[in-house]
Amino acid sequence: MAKIKPFHTEDGTELTEELLDKLAAPWDRGEIPEGEWGPVFLGPGSPGGPTKREWRRMNATPPGRPPLSEDEPSAVVTFKMPRSLVDYVKRAADACGQTKSKFIREAVLEKARKVLGSE
């Protein structure tokens, strides 16, 4: 019979039966260790998991980014700019460690305050 080539992890550790048994032991005992996979969330109906009502409540948060303001809704503003200006703004935003949107919002606010004063 041909010998099976052993498996190795990225750091060179050989995955032996003994090592796999050692790694599986906490799972077999029902102990879920923390790891790079993060915490394990149990679905509705699983032992120790949330009820269906709790599951719906936990997952009721709409997807997407958080709102810009808790006091008022956001509005979308669409306008055209020359491609060279878009690239220029993008470079400036990157230099500030900001998104283009945040950079433009702050620039518009700064200009509006200069024109209208702080209201």
Side-chain angles (χ1 to χ4, degrees):
M1 186 171 4
K3 184 175 179 181
I4 298 174
K5 184 177 177 181
F7 288 101
H8 291 85
T9 61
E10 288 180 0
D11 67 1
T13 304
E14 184 176 342
L15 296 175
T16 63
E17 286 290 325
E18 294 79 23
L19 177 59
L20 292 174
D21 288 341
K22 180 181 173 186
L23 293 172
W27 293 87
D28 293 340
R29 292 191 301 268
E31 301 167 4
I32 302 173
E34 292 289 326
E36 22 180 301
W37 51 81
V40 175
F41 296 103
L42 302 172
S46 57
T51 64
K52 287 183 181 180
R53 176 177 287 167
E54 291 170 330
W55 182 262
R56 281 193 303 272
R57 184 180 46 78
M58 288 169 27
N59 292 299
T61 304
R65 295 186 176 185
L68 296 172
S69 170
E70 293 182 17
D71 302 336
E72 60 183 311
S74 296
V76 176
V77 178
T78 305
F79 60 96
K80 292 184 179 187
M81 296 190 316
R83 171 60 64 188
S84 60
L85 180 55
V86 173
D87 294 340
Y88 191 63
V89 168
K90 175 73 173 125
R91 285 189 7 242
D94 288 344
C96 294
Q98 297 178 334
T99 63
K100 268 191 319 190
S101 295
K102 183 173 183 181
F103 185 85
I104 291 170
R105 276 193 302 272
E106 289 182 358
V108 167
L109 180 60
E110 184 179 320
K111 180 70 174 190
R113 283 185 175 151
K114 282 182 182 177
V115 172
L116 301 174
S118 295
E119 294 182 2

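Because only heavy atoms are used, hydrogens play no part in the values below, and waters and symmetry mates are left out as well, while side chains stay in.
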Closer than 3.5 angstrom, by distance alone: can the side chain of Glu106 be matched with the main-chain N or O of Phe103 as a donor-acceptor pair?
no

When rounded to the nearest 0.5 Å, the distance separating NZ of Lys100 from CZ of Arg105 is 12.5 Å

Interatomic distance, CG@Leu15 vs CG@Leu23, rounded to 0.5 Å, equals 8.0 Å

Quiz item: Tell me, do Thr9 and Glu14 make a side-chain contact under 4.5 Å, heavy atoms counted?
Solution: no

| request: Verify the cluster assignment for Leu19 and Phe7: are they in a single hydrophobic cluster under the rule of side-chain heavy atoms below 4.5 Å apart? | output: yes

For Ala93 and Thr99, the nearest pair of non-hydrogen atoms, with its separation, is CB-O, 3.7 Å

So CD1 of Ile104 and CE of Met81: to nearest 0.5 Å the spacing works out to 4.5 Å

Quiz item: Is Lys90 salt-bridged to Asp94, going by a charged N under 4.0 Å from an acidic O?
Solution: yes

Is it the case that over 12 heavy atoms from other parts of the model lie below 6.0 angstrom from the CZ atom of Arg53? no

Determine whether Lys22 and Glu18 make a side-chain contact, defined as any pair of heavy atoms from C-beta on separated by less than 4.5 Å.
-> no

So NZ of Lys114 and CD of Glu110: to nearest 0.5 Å the spacing works out to 5.0 Å

Report whether Phe79 and Val108 are members of the same hydrophobic cluster (ILVMFWY, side-chain heavy atoms less than 4.5 Å apart, transitive linking). yes

